Undergrad: 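Can you keep this structure in mind? I'll have questions shortly.
A, B, ... follow the sequence lines: proteins, then strands. Residue 1 opens every chain. Just so it is clear, the model here is predicted, and its values are computed rather than measured.
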Amino acid sequence: MSGGGCSIVWFRRDLRVEDNPALAAAVRAGAVVAVFIWAPEEEGHYYPGRVSRWWLKQSLAHLDSSLKSLGTSLVTKRSTDSVSSLLDIVKSTGATQLFFNHLYDPLSLVRDHRAKEVLTAQGIAVLSFNADLLYEPWEVNDVDGRPFTTFMAFWNRCLSMPYDPEAPLLPPKRIVSGDVSRCPSDALVFEDESEKASNALLARAWSPGWSSADKALTNFINGPLIEYSVNRKKADSATTSFLSPHLHFGEVSVRKVFHLVRIKQVLWANEGNTAGEESVNLFLKSIGLREYSRYMSFNHPYSHERPLLGYLKFFPWVIDENYFKAWRQGRTGYPLVDAGMRELWATGWLHDRIRVVVASFFVKVLQLPWRWGMKYFWDTLLDADLESDALGWQYISGTLPDGREFDRIDNPQFEGYKFDPKGEYVRRWLPELARLPTEWIHHPWDAPELVLQAAGVELGSNYPLPIVGIDAAKARLQEALSEMWQHEAASRAAAENGIEEGLGDSSDSVPFAFPQDIQMEVDHEPIRNNPTTMIRRYGDQMVPSITSSLMRVEEDEGSSVDLRHLAEDGRPEVPANLNLDLEPRRETLNQGDVQMVRNNNIIPQFNANLRLHNAEDSTAESSSSSSGRGRDGGIVPVWSPPGSSYSEQFVGEENGLGSTSSYLQRHPQSHQVMNWRQLSQTG
DNA sequence: CAGCAGTTTGC
DNA sequence: CAAACTGCT
């Protein structure tokens, strides 16, 4: 169509036609080529799980038919490299522009940044948009212009921003199709034969696609929403919105959800319905959590693979595949946990509360490395979402500044009576316990023999005894923690002496196989050296500079860079040049950090010691970068499709942040992560 | 019953 | 940590 080429709209996790800024912009610009590129290998071991792929398949079909009714269709490509596929598409369609919506997971940050550079270098105009969040991560900062480090502060700020989130856009009335005659679609394969039968079951419970997402939203707002605050404690009722998988794939926009829900809230407020109003607040909070997960991922791209509290690196996880298996199969001996795990396996779904229960059990009682659990969630959840899941697991594990304390163990028995007081949920998913009276349903091991017999329960045979006692877990946790602090202290001492200590790989634990994701990007560095091709427009995707360094740490440690290099306008910006940039940054950062330490006892920032590594000389650097990072866990059992390789080493640098979590405060002898301490001495 | 301390809980 | 909750005086 008009003056030259058409525009490519690169669909990813924004599979909708309504309120899709990239699509809208492309339509405005003229002819459109709508594209979806399936390149799961790019996700490394976050290759999407079976149920997630099933959903994607349906959702794409749905999007395609919507596009068809508007005048075009979806071009699908199978690829191992999205960016080069984009180039191919540009060539075969004569497109001159590329539009897409932002993503915030670490892989996408890197890939999209590269896409922008590569295509821009080819003379293609690249424009990207916010379609996934109320506010872009770099828009939400505290009074000093720094990112928040706790959820509530973040969310309160979001709710009181000087401007509202963008109002949702209407779907285009009509789309003029670009010429795709020389750009044939590939058939995408999302399931293999062995998966088909299980997938068929999913279709009974779920229907992917934006129109059912809309329906789910409407149903929820007109139904369960008003009772949300009362019902959210129940494990077993259909009181959640069931929007999460739709939201994950962007079938409905959060902004639409937000606006519609807000309207209801005003309505209820006027009616004096405080319960309803409160319900909306709570529901919005869960939307806020989703926002926060992106925020965290952007500000701290390591968070899906490494605890944000650095000392957790030294925690001696239990490397026990039998525990892991028992957990997955729902045979831990704790009914609430087991019921949850069976539901997850059977349906790909789990109530939020129960996610917390099973995850917390996993980390605190079994003390398995949280990333195993996260990976299992990733593979089995219908709404698997890297950012949300990473946030959730970190929260539960106690590795966040505002998460639960690390030494806190929740007792599944008590939680059972809280979330499932009548035992209905347990009975549904654990038929072997169905006849047990409510009194014992959450702790069958205490039940009198006669009761068990009457209920047909034979502990240790048709239902397991607890695989780990809570008391034993508590004791082991204490031990593990003191071991952790010892190692942390030793490491710090060694670092201070400038000795290459090796960060605990002397230990018996196997180096963690995770994560490899980012390394595959490593060899595209030439592009990186040409920063001037980036002309940033207001709406453009910001890239935390760490994404660049993440790609290269292995061979170029000096370039590891702080996350939040502030451009003149105060927003994070792609560093002009990683190495040249170090000098000026050093001063600013130190100043800022010191001030922060003085002014409050809040965590400096997640990235405090990332940046310190730059600012510091090579002592600290060397102590961390060369180690095998042994303590973070063990080999991850493989259950992903073949092809996703787990290789040896961590990418990237060093641990997380200093912390004021109360746990830390109770351990003054080993307080503060090394860097933070050095920091405060500076000031 | 107001007022307070100890405890639980909350992303 | 801070808010909510519990139980006690």
Undergrad: Give the rounded distance in Å between these two atoms: CZ of F414(A) and P of dT7(B).
TA: 15 Å
Undergrad: May I have the distance from R408(A) (atom CZ) to dG10(B) (atom P), rounded to whole angstrom?
TA: 8 Å
Undergrad: Check side chain to side chain donor-acceptor pair (under 3.5 Å) between Q367(A) and all other residues, then give those that pass, not counting sequence neighbours.
TA: R476(A)
Undergrad: With a cut-off of under 6.0 Å to the ring centre and 45° to the axis, is R328(A) in cation-pi contact with F324(A)?
TA: yes
Undergrad: Could you state the atom-to-atom distance from CG of N411(A) to P of dT8(B) in whole Å?
TA: 12 Å
Undergrad: Is it true that K418(A) and D410(A) have a side-chain N and a carboxylate O under 4.0 angstrom from each other?
TA: no
Undergrad: Report yes if at least one side-chain N or O of K418(A) is closer than 4.0 Å to OP1 or OP2 of dT8(B); otherwise report no.
TA: no
Undergrad: Between P on dT8(B) and CD on E405(A), what's the gap in Å once rounded to a whole number?
TA: 12 Å
Undergrad: How are the rings of F315(A) and F406(A) set relative to one another: parallel (under 30°), tilted (30 to 60°) or perpendicular (over 60°)?
TA: perpendicular
Undergrad: Expressed as a whole number of angstroms, how long is the span from E278(A):CD to dG10(B):P?
TA: 14 Å
Undergrad: Measure CH2/W155(A) against C1'/dG10(B) and give the value in whole Å, please.
TA: 17 Å
Undergrad: Figure out the CZ/C1' separation between F151(A) and dC1(C), and round it to whole Å.
TA: 16 Å
Undergrad: For N156(A) and dA2(C), what is the distance between atoms CG and C1' respectively, to the nearest whole Å?
TA: 13 Å
